[in-house]
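Convention: sequence-line order gives letters A, B, ...; per-chain numbering from 1.
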Amino acid sequence: MSATANSQLTRSAVTLKGSAQLVTQFFNYGINSILYQRGIYPPESFTRKQEYGLTLLVSTDDKVNEFLKELLTKIEGWLEERKILKLVLVLGSVETKEILERWEFKIEYETEDGGKENQFVETSNKDEKKIKAEIRDVIRQITASVTFLPLLDCLCSFDVLIYTKKDVDVPTAWSESDACLISNCEVVKLRSFSTGIHKLEAAVSYKADL
Amino acid sequence: MSREWQLTQKWKTCNDHSPEAGLNLSETWSMSLHLFSDKMDDPESSFEDPTSVLKVLADYQASHRRRTSFLKRNRIDSTSHTSAVSSTSTTAQASHTSHNAHSTVQQHLRFDDSGSSASSPFPSWGAGPKLPRLSPTLGPDPWAGAHFPPPVSQTASSAIDETSRRQIAELEQKLAVQASQILDAQTQVTKYEAQMQKMALLAEKDRWAQTSEREKRQLERDHELQRREELEFQVQKLQKRLRLQSEQDQLARRRSRESGQDDERNYQWLGQENAQLKQQALETRGEFQDQRQAWKREKHDLEFQIRALKSDLEQKRKSEELEERGQKSREKDSVKLERLALELQQSQAEVQRLTLALEHNQDATLTRNIMREQLAHYPQLLRENEALKRENKLLNETAENGVLLKEQISDLQSQMDQAQQQISAGQKSQSDLMFLKKTLQHWENLCLRFLSEDDRASLTGKISPDIMAAQIGELQRKELGLIQDLNECKSECSGLERKVKVLEDAKTKVEKELTVKKNVIAEQSGFVKKLQRKIFLVAKERDSYKSVLGSYEQEITFTGGNFERDRIASLEKVVSEHQSMIEKLETLLAQARSGSDSPNNEEDNDDNNELREEIARLGQELETLTKDLEAVRREKDDLELELEKRAIRGDYNPTEAQVLHFGNNPMSQAVEGRGQEFKLLQAENEALKARVKLLKEGQSRDLTVLVGQKMDEGASSQEVKDLNEQLKLAEIRQQRLLEAFKKTSTDFREVICQLTGFKINVVEDLYSLYPIYSENQDDHLAFKYSDGQCHMLETDFSSQLGEFIDLHLKRQNSIPVFLAAVISDLFSRQTFETISMSITTAGEEEDDPICLD
């Protein structure tokens, strides 16, 4: 996936497809980082990988990888079609099913929808290096946010919610869900990054300690 | 002469001890040495001369010979004297013996002296201490014990004359024996003498050889001494040279101090000379060592000779001992021996002298060594000298530099003062700097706070004032922009307010106009109504006219065209009139409408009042409305904020968006997994509880099996509950059914009983029929139902019914008929009514015989 992205990005211009790939790549590493940082899966099930000039940890758990693969292919498609509005990574207790953390990635489209014909014409002149630097900052902030987030001291698992436009057909094996809101939450806005086509704003909300 | 006398005196004493000469040899040696040394001290007597030695030896021998003869004489006196002394002082026995003993001793001495007569005694020879010396010499004498008879006291002489005579005779006999013995001894002596002569000859030979050897050696020694002197001379020369050299060295040193250039040359020359000297020294040392070795060898030889001589001497002593027996030869020998001893002493003295000379030589070598060592130090001294010179030069130079340095020091001190002042200033400035840094840090922090996130991200290093300036510039620009905006907003606001006022004025005017217009409109509407009514009437009139016209037209069609035409024209005229009238009216209406725009003054006054009131009301309304508006706006803002917050929290607009998630997500998987786990755990928990229960009940064997069973039961506990409930329901139902069945069965039985006249009881497949008309209640018929057929069994009652059985069962093969016959028979027995009937029936049936009975 990154190889094609790179080949497309050699002209230092990002196409819609390339942008979608960049964003999905970010989701992959971001979700993996959160899973590692929040201790959802044991640290030994993660392996190191160099990306964005950082050493990132990627899960080796088959179930997680399968899930992420399925998820990310769908997301990439939706990103290209401008159907996706938000991606939310929900961390919740398995015992009580209570939602403890929401990692929200709001996606905005910075160019006008050119329709299906213009899908490949759309480009942004933003340098890939700069984009990656921005992505790196976001991931760094995600990593750093462990410091203020409360400790998850119970057995937790995660789910990924995708906010799409109404006209999206629900694929098989997918279903509508509630927003999994946290009733009493604190919200911390994180950095954002932009590929020139997609703008992504990150935020984390977590159950306030009472 | 006096010396000679001393010597002789000494020799006398020596020869007094001649019998024990061997014992006192060392004494004599020392004596001779003494003599030699005396001689050596004499400057006139050159020791080196061998002839002098020979002369000395010759003198010695002569004196010795003289002395021996003299001694022989003395000896006899001394012996007699000793005997006298011994008889008088020492022992009581000796004093008693007197004559005899004296004579025997004399005899004995005579033998010893071999015919030498006693002569004038020396006064010194009577000295006591000398005597005991003799007695031990006599002690070991083999003849002494034998020849001396035990002394007898004089007081007993008279008493023992005879015994003495006998003794004398014995003694005489003994004497004879002894004489013979003496003869033997004399022969032996002669033998010995011959031997001694031989020995003397040999000794002479030896002595000759020795003397010759000694002469040779003396010569060699002289030669060596000469060489040594030469060497010593050389050494002295060398020493002189060394001294000269040292002087030269000193000179050279002085010169080197004056001119350091010659030093090297001198040094080289000196080094060469030194090397030569060293070589010479080595050579001399080698020579010395050779000499020393030669001397040592000589010494060794001499010592060997001395040892040989000693042995010879011993031998000679032995021979002298023999000589004592044969005195003459022995004395000669002893003289010779003494001479030899003297010679030996001399030679030994010479050896000692030589060793002394050697020691001297060794000292010389030592001093030479010291000198050499001093020479070895010389280059070091030179070096030191050079170093000192350099140092001196340096010091001179430094002394010159000193002044300069002092000046520099003063300069530097002034500089230092300045520097210290600067340092103090620097410290102050450093503290200032620290303070400034702190403040700068504050500023930086402040700046950081001012910077936006993006700027902070782009900021790589420290915050530079450029960035801050840019930031501040941006902020100022923003501020300016904002102020401008504000001003614009204010102006806009004022403009808007003005507009609002104008509009309000306009509004009040419009409202006024509106009210006027409303009144006018009301009037006009009245007019319009009137006009409409009029139009209505006119329309009606027109319609009537039209109808009239129509009738006329009909009439015209009846009557004729002209009339018709007139009529039409007149009518058309009327119509046109009407039309014009309508137009008029319409114009009137229009006029009326337009006329309402210009109201009259009276109305205006009333209207104004109304309008004012209305304006006030409207103003109030406006105020309330604006308040409401503000409240609503605030509410809207709040709501928007809330909405945003909700959006941040993840809320969404369900009309626009939908939330999707993958059905098989990890959360649901985890929850499901947990649910399963929970169930498993629960099951396990129950199993364990069951186990605990079993354990409490005391079961210990096959626990797992039992638990399994229990669990099977336990696992269906829910089912069991359900089943129990079902069972209860079923039971209830069954009960009900049973009840129903009972009821129906009782009803059924009742009915059957009433209908057939039999009560039927069933026990398994045995059916017992009790006829109700039977007198005896136990009467019954028994049937067995099997294979779809009923078979009658025999009972007490059936045995009474043989006829019926034969007839109905056996012949007719019908049980119902049989039963009916039986019942009718029984009934007929109870009542009379049936009799007639039964008679009638009996007539038809053949059951009746019983009844008839």
Side-chain angles (χ1 to χ4, degrees), chain A residues 35 40-41 61 63-64 66-68 70-71 74 78 84-86 88 90-95 97 99 102 104 106 133-134 137 140-141 155-168 170-183 185 187 189-192 201 203 205, chain B residues 445 447-463 467 470-471 637-685:
Chain A
L35 294 182
I40 307 302
Y41 289 91
D61 193 306
K63 277 187 179 176
V64 174
E66 206 179 312
F67 171 73
L68 285 178
E70 173 86 28
L71 182 87
K74 276 276 168 331
W78 281 331
I84 189 162
L85 301 170
K86 264 184 199 176
V88 180
V90 178
L91 304 181
S93 162
V94 174
E95 284 173 48
K97 295 180 190 175
I99 306 300
R102 285 176 105 253
E104 192 173 290
K106 194 172 161 192
E134 285 180 7
D137 291 341
R140 266 191 187 156
Q141 226 182 4
L155 185 65
C156 289
S157 190
F158 78 102
D159 191 5
V160 177
L161 308 178
I162 296 169
Y163 288 50
T164 61
K165 288 186 181 166
K166 248 318 197 212
D167 55 353
V168 169
V170 179
T172 49
W174 287 68
S175 59
E176 279 202 49
S177 160
D178 66 332
C180 293
L181 299 178
I182 301 167
S183 55
C185 71
V187 182
K189 274 210 148 198
L190 303 177
R191 281 167 187 270
S192 61
E201 283 176 8
S205 50
Chain B
N445 289 342
C447 291
L448 261 176
R449 244 181 286 155
F450 273 112
L451 283 174
S452 65
E453 271 186 3
D454 288 2
D455 286 347
R456 239 176 278 164
S458 62
L459 204 67
T460 48
K462 268 198 157 186
I463 305 150
I467 294 164
Q471 196 71 22
D637 286 345
D638 289 348
L639 283 168
E640 267 177 2
L641 212 73
E642 181 70 27
L643 203 68
E644 207 176 327
K645 268 187 193 169
R646 286 187 74 112
I648 285 167
R649 282 177 192 177
D651 208 359
Y652 64 102
N653 187 353
T655 53
E656 286 173 2
Q658 60 183 358
V659 179
L660 295 179
H661 73 146
F662 194 51
N664 190 23
N665 61 56
M667 184 79 129
S668 58
Q669 280 172 12
V671 168
E672 202 176 308
R674 194 180 158 71
Q676 280 173 357
E677 204 181 337
F678 183 71
K679 270 182 194 167
L680 277 171
L681 283 170
Q682 223 170 12
E684 200 180 330
N685 189 24

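- Across every non-hydrogen atom of A:V160 and B:H661, the tightest pair is O-CB, 3.4 Å.
- Looking only at distances, a side-chain donor or acceptor of A:Q141 sits under 3.5 Å from a matching main-chain atom of A:R191.
- With chain B as partner, the option from A:I162, A:D167, A:V90 having the largest number of non-hydrogen pairs under 4.5 angstrom is A:I162.
- When all heavy atoms of A:I182 and A:S205 are compared, the pair lying nearest together is CD1-O, 3.6 Å.
- When all heavy atoms of B:V659 and A:L161 are compared, the pair lying nearest together is CG1-CB, 3.9 Å.
- Counting heavy-atom pairs closer than 4.5 Å to chain B, the top residue among A:K97, A:K74, A:K63, A:E66 is A:K97.
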request  = Decide side-chain contact (heavy atoms from CB on, under 4.5 Å) for B:D637 and B:E640; before the verdict, give the C-alpha distance in whole Å, the side-chain angles of both, and the deciding distance to 0.1 Å.
outcome  = CA-CA 5 Å; B:D637 286 345; B:E640 267 177 2; 4.1 Å; yes
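- Only the side chain of A:I99 comes within contact range of chain B, with heavy atoms under 4.5 Å apart.
- Between chain B and the residues A:E134, A:E95, A:K106, A:E201, the largest count of heavy-atom pairs under 4.5 Å involves A:E95.
- Residue contact with chain B, scored on non-hydrogen atoms closer than 4.5 Å, involves the side chain of A:E70 exclusively.
- In terms of heavy-atom proximity, A:D159 sits nearest to B:M667 at CB-CB, 3.8 Å.
- Here A:A173 is the residue among A:P171, A:C156, A:A173 with the most heavy-atom pairs under 4.5 Å with chain B.
- In this structure, the portions of A:V168 lying under 4.5 Å from any heavy atom of chain B include both its backbone and its side chain.
- Using a 4.5 Å cut-off between heavy atoms, A:F158 touches chain B through backbone and side chain atoms alike.
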